[in-house]
There are 2 protein chains.
Amino acid sequence: MPAAFPAEPQMSATAEEEAYRHLQRALRLGRYKPGERLIPEEIAAEIGMSRMPVREAFRRLASDGLVVLRPNRGCVVAGLTVDELYEIFEIRSVLEGLAVRLAMPRIDEEEFEELERLLDRMERAGQSGSSDWVVRHQEFHGRICALSWRPKLIHQISALHVVIEPYMRIWFDDCDKPHSAREEHAAVIAALRSGDELHAEKVMQDHILSTAPMLAEFVSPSR
Amino acid sequence: MPAAFPAEPQMSATAEEEAYRHLQRALRLGRYKPGERLIPEEIAAEIGMSRMPVREAFRRLASDGLVVLRPNRGCVVAGLTVDELYEIFEIRSVLEGLAVRLAMPRIDEEEFEELERLLDRMERAGQSGSSDWVVRHQEFHGRICALSWRPKLIHQISALHVVIEPYMRIWFDDCDKPHSAREEHAAVIAALRSGDELHAEKVMQDHILSTAPMLAEFVSPSR
DNA sequence: TTGATAATACGTGGATACAAAAATACTTTT
DNA sequence: AAAAGTATTTTTGTATCCACGTATTATCAA
């Protein structure tokens with residue numbers, strides 16, 4: 001089975017890899033604020049290496065959209081505008097819709113039980129109020145994507161989850177009221193059980209598109 | 001209007017940018033064969049710079065999937081397996097399907113005429129036998145995508161076109177018999193004229209998925 | 001001759017120091 | 001107060017060096 005996202009932390013080989021992981025983790029957790037400048041020398045000192053591998057890591061982070069690299073003006077933490085956030089959710093909707101459609105024929109009863117276990121774990125994580133609900137939520141979506149058995153598709157979806165992760169955290173930390181996540185995800189499982197691929201695709205699309213507006217209020221209105 | 005792909009060549013600012021453009025262009029044209037090793041020093045000497053910006057460019061090319069970077073083993077030109085090719089066309093189908101759906105409301109009569117002009121230009125490029133049919137083809141798809149007015153979506157689709165470009169060239173150069181491209185693309189325009197967004201989305205999806213098998217035979221069967 | 005192992009050459013990844021170019025901040029002048 | 005010019009800081013790129021991993025070749029034993 002292709003790896004679910006987030007990719008399991010294999011022992012880092014190169015310094016660039018370590019810098020990339022370090023920075024990605026920090027950015028996902030929202031340790032740096034959008035617009036904040038990342039100084040290669042500082043980061044390098046932080047993790048005990050020279051500037052070179054850090055600069056290389058910046059390039060990859062920029063490709064991921066986590067960071068903006070402007071010529072002669074260095075590396076700045078990327079922030080999403082409302083439009084960009086909606087766009088990402090539109091893209092997620094079709095990508096994860098495709099993943100669901102492709103995954104369905106591969107899901108047996110055992111896998112359904114696993115998904116329901118993940119649903120419960122997500123529920124518990126949510127009640128404990130901790131923001132590791134976000135991680136559980138990614139696990140749930142990641143599991144379904146993994147069942148599509150499409151490495152590149154999984155990778156692209158995973159990358160989008162990384163970009164929106166800080167906003168998901170802020171959103172969940174800020175909303176004490178129980179929201180409709182449980183039912184939405186249960187509906188996805190139900191749609192998968194129905195055996196109707198196009199219906200399941202549609203349910204996933206709607207689920208994803210329905211969450212965008214809830215996050216939108218935590219995003220800077222424009223740039 | 002957001003830029004159509006391929007992105008217009010703005011004057012390169014940094015050396016890394018120049019290296020990236022140089023290598024991307026070479027890879028798109030198929031100047032390097034899959035599996036071939038790219039030695040930083042050689043490339044650097046070729047375009048008159050040191051290894052560092054070249055190494056940085058490698059990272060971006062790797063993110064784009066044009067190149068594979070394995071620790072201590074350097075940079076190798078990426079080749080697609082049949083499975084990967086099909087996967088890319090699956091992803092393209094939903095992404096460009098979304099683009100069509102979003103673009104439709106923005107297309108007026110003037111824009112239809114522009115699309116038909118592009119269709120004719122594609123036809124002529126194809127009859128001249130030259131492989132710049134590929135460029136015209138990208139222009140056509142790029143124009144529609146641009147009308148979706150979604151920068152990230154456009155960027156992702158563009159990246160996929162770049163990856164498959166060498167195979168498109170081989171395919172077209174190898175098929176002297178006139179294929180159904182003209183009708184397929186005319187059908188896309190017709191679907192856009194229909195005003196039915198979901199129908200147009202479906203037509204674009206089918207168009208893209210139908211081309212995958214034709215390219216598949218020019219791809220190494222496995223790795 | 002063939003297969004395994006050791007020696008060697010090579011390239012990559014990374015560190016460091018330095019130079020050039022650009023952007024930013026700061027004066028000074030009008 | 002605005003503009004022009006100067007200084008400083010930061011980024012970017014170069015050059016050089018070294019350690020380590022990989023690949024190739026050479027050597028030796030079966």
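We name chains A, B, ... by the order of the sequence lines, and we start the count at 1 in each one. Since this is a predicted model, take the numbers as computed values, not measurements.
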Any donor-acceptor N or O pair under 3.5 Å, side chains Glu123(A), His185(A): no

field: Of the listed nucleotides dT11(D), dA15(C), dG13(D), the one nearest the side chain of Met52(A)
entry: dA15(C)

- prompt: Starting at the 5' end of DNA chain D, which residue's closest nucleotide do you reach first, Asn72(A) or Asn72(B)?
  reply: Asn72(A)

- prompt: Rounded to whole angstrom units, what separation is found between the CD atom of Glu56(B) and the P atom of dT12(D)?
  reply: 9 Å

task: Flag the pair Arg59(B) and Glu56(A) as a salt bridge only when some basic side-chain nitrogen lies within less than 4.0 angstrom of an acidic carboxylate oxygen.
output: yes

query: OP1 or OP2 of dG21(D) sitting under 4.0 Å from any side-chain N/O of Arg73(B)?
result: no

- request: Under 4.0 Å between any heavy atoms, over every strand shown, what does Glu41(B) touch: base, sugar-phosphate, or nothing? Just pick one.
  value: nothing

- prompt: Between dA19(D) atom C1' and Met49(A) atom CE, what is the distance in whole Å?
  reply: 16 Å

statement: Arg59(B) CZ to dT12(C) P, in whole Å, measures 12 Å

- request: Determine, for Arg136(B) against Glu139(B), whether the closest basic-nitrogen to carboxylate-oxygen distance falls under 4.0 angstrom.
  value: yes

query: In whole angstroms, how far is the C1' atom of dG14(C) from the CD atom of Glu17(A)?
result: 15 Å

- request: Taking the six-membered ring of Phe140(A) (Phe, Tyr or Trp), confirm whether the NZ or CZ of Arg143(A) is under 6.0 Å from its centre and within 45° of its axis.
  value: no

field: Integer-rounded Å distance: dG13(C) C1' and Arg55(A) CZ
entry: 16 Å

- prompt: If only side-chain N and O atoms of Arg51(A) are considered, is one of them under 4.0 Å from the OP1 or OP2 phosphate oxygen of dT16(C)?
  reply: no

- request: Map Arg37(B) and Glu16(A) onto DNA chain C by nearest heavy atom, then report which one ends up closer to the 5' terminus.
  value: Arg37(B)

